[in-house]
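Below is one structure; the comments refer to it alone.
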Amino acid sequence: MARGALIHCLVAALCLSVVLPACSRPEDLEAFVLQEDARDGVYVFSIPLQDTTAAYDFWFYSRAASHRVENLRLNVQWLAPSGDAFPETVYMRTVEPRGTKERYRSGVIPAQAGDWQLSVRPVDAAQALLGFGVVCKKQRDGAR
């Protein structure tokens with residue numbers, strides 16, 4: 001009887017070891033915030049970057065309300081899990097009414113594991129946008 005209970009426990013442990021990794025956080029993220037949900041014109045995203053040995057690619061996505069927007073200036077700020085801030089200014093070449101996805105960064109290796117906050121403030125043409133989004137994908141080729 002004790003041997004049967006031991007085998008049952010081993011089988012249960014094996015099943016859990018297979019099922020639990022499937023319940024982990026996804027490694028890719030796609031998020032879109034509507035203009036009316038932006039915080040005073042700033043689009044804020046929480047991005048889980050848990051693997052500091054992996055590289056991540058990022059794209060920005062936006063849709064113009066009625067007409068094409070060119071050279072959209074974006075004030076971007078990364079806030080690390082430690083609270084350190086990293087600001088920069090970048091540009092999207094165009095934003096179309098049907099939507100535009102443009103690469104922002106490729107091969108980013110996080111300096112710290114955890115939830116990073118990405119804040120994006122479109123400058124000048126903010127009212128011309130329906131919203132703003134970010135796509136984050138973990139590189140699958142084992143690149144570092």
Side-chain angles (χ1 to χ4, degrees), residues 5-144:
L6 178 62
I7 292 173
H8 178 67
C9 286
L10 289 173
V11 169
L14 178 63
C15 289
L16 284 176
S17 69
V18 171
V19 172
L20 286 179
C23 298
S24 65
R25 295 174 94 172
E27 295 178 334
D28 296 339
L29 171 90
E30 294 186 20
F32 188 83
V33 176
L34 295 173
Q35 181 189 43
E36 58 266 17
D37 295 329
R39 300 177 191 167
D40 295 321
V42 178
Y43 297 87
V44 180
F45 306 93
S46 179
I47 303 178
L49 300 175
Q50 304 302 328
D51 188 350
T52 59
T53 64
Y56 296 85
D57 295 333
F58 294 90
W59 292 263
F60 287 147
Y61 175 81
S62 190
R63 282 188 72 185
S66 61
H67 63 281
R68 169 189 243 184
V69 176
E70 295 188 21
N71 296 318
L72 177 63
R73 183 168 49 136
L74 304 171
N75 290 340
V76 177
Q77 178 171 288
W78 286 93
L79 186 63
S82 66
D84 293 330
F86 305 95
E88 67 177 329
T89 299
V90 297
Y91 292 82
M92 283 185 74
R93 287 184 290 268
T94 62
V95 178
E96 300 283 345
R98 70 179 183 279
T100 302
K101 180 180 172 184
E102 189 172 302
R103 185 181 301 267
Y104 162 53
R105 294 273 178 247
S106 181
V108 174
I109 300 171
Q112 302 169 22
D115 290 337
W116 287 69
Q117 181 178 296
L118 174 63
S119 301
V120 181
R121 178 187 294 276
V123 180
D124 302 327
Q127 297 302 317
L129 304 179
L130 294 174
F132 198 86
V134 65
V135 176
C136 169
K137 295 201 180 281
K138 185 176 181 182
Q139 292 182 355
R140 303 289 185 241
D141 61 4
R144 174 172 172 164

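- Between Ala64 and Val69, the shortest heavy-atom contact is CB-CG2, 4.2 Å.
- Scored by the salt bridge (Lys or Arg N to Asp or Glu O under 4.0 Å) test, Glu88 finds Arg105 as partners (sequence neighbours excluded).
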Evaluate side-chain contact (heavy atoms from CB on, under 4.5 Å) for Arg73 paired with Met92, printing each intermediate quantity in order.
CA-CA 7 Å; Arg73 183 168 49 136; Met92 283 185 74; over 6 Å; no
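- Using modelled atom types, no side-chain atom of Thr89 and backbone atom of Asn75 make a donor-acceptor pair closer than 3.5 Å.
- Side-chain contact between Gln117 and Ser46: absent, with no pair of heavy atoms (C-beta onward) separated by less than 4.5 Å.
- Remark: of the listed residues Leu129, Leu130, Asn71, Leu129 is the sole one forming a side chain to side chain contact (heavy atoms under 4.5 Å, CB included) with Val95.
- A salt bridge does not link Asp28 with Lys138: every distance from a Lys NZ or Arg NE/NH1/NH2 to an Asp or Glu carboxylate oxygen is 4.0 Å or more.
- In this structure a side-chain-to-backbone donor-acceptor pair under 3.5 Å is present from Glu102 to Arg93.
- Scanning all heavy atoms of the two residues, the minimum distance from Pro122 to Gly41 falls at CD-O, 3.6 Å.
- Within the 4.5 Å cutoff, side-chain heavy atoms of Val76 are placed close to those of Leu118.
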Decide yes or no on side-chain contact (heavy atoms from CB on, under 4.5 Å) for Asp84 and Gln112, but give the supporting numbers first.
CA-CA 10 Å; Asp84 293 330; Gln112 302 169 22; 4.1 Å; yes
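- Arg98 is linked by a salt bridge (Lys or Arg N to Asp or Glu O under 4.0 Å) to Glu96, counting only residues two or more places apart in sequence or in another chain.
- For the pair Pro81 and Ala113, the tightest heavy-atom approach, listed with the atom from each and the gap, is CG-O, 3.7 Å.
- In terms of heavy atoms, Arg68 sits closest to Pro97 at N-CD, 4.1 Å.
- Side-chain atoms of Gln77 and Ser119 include no donor-acceptor pair closer than 3.5 Å.
- Of all non-hydrogen atoms in Val108 and Pro110, the two that sit nearest each other are O-CD, 3.8 Å.
- Within the 4.5 Å cutoff, side-chain heavy atoms of Gln139 are placed close to those of Asp57.
- Counting only heavy atoms from C-beta outward, the side chains of Leu49 and Cys136 approach each other to under 4.5 Å.
- Residues Ser106 and Tyr56 are not in side-chain contact: their nearest non-hydrogen atoms beyond the backbone lie 4.5 Å or more apart.
- Annotation: ring pair (Phe, Tyr, Trp, His ring centres under 6.0 Å) contacts involving residues 66-106, sequence neighbours excluded, comprise Phe58-Trp78, Phe60-Tyr104.
- Ring centers of Tyr61 and Phe132: at least 6.0 Å apart, outside the cut-off.
- A distance of 10.0 Å separates CD1 of Ile109 from CG of Asp51, quoted to the nearest 0.5 Å.
- Here the closest heavy-atom approach between residue Ser62 and residue Gly131 is recorded as OG-O, 2.7 Å.
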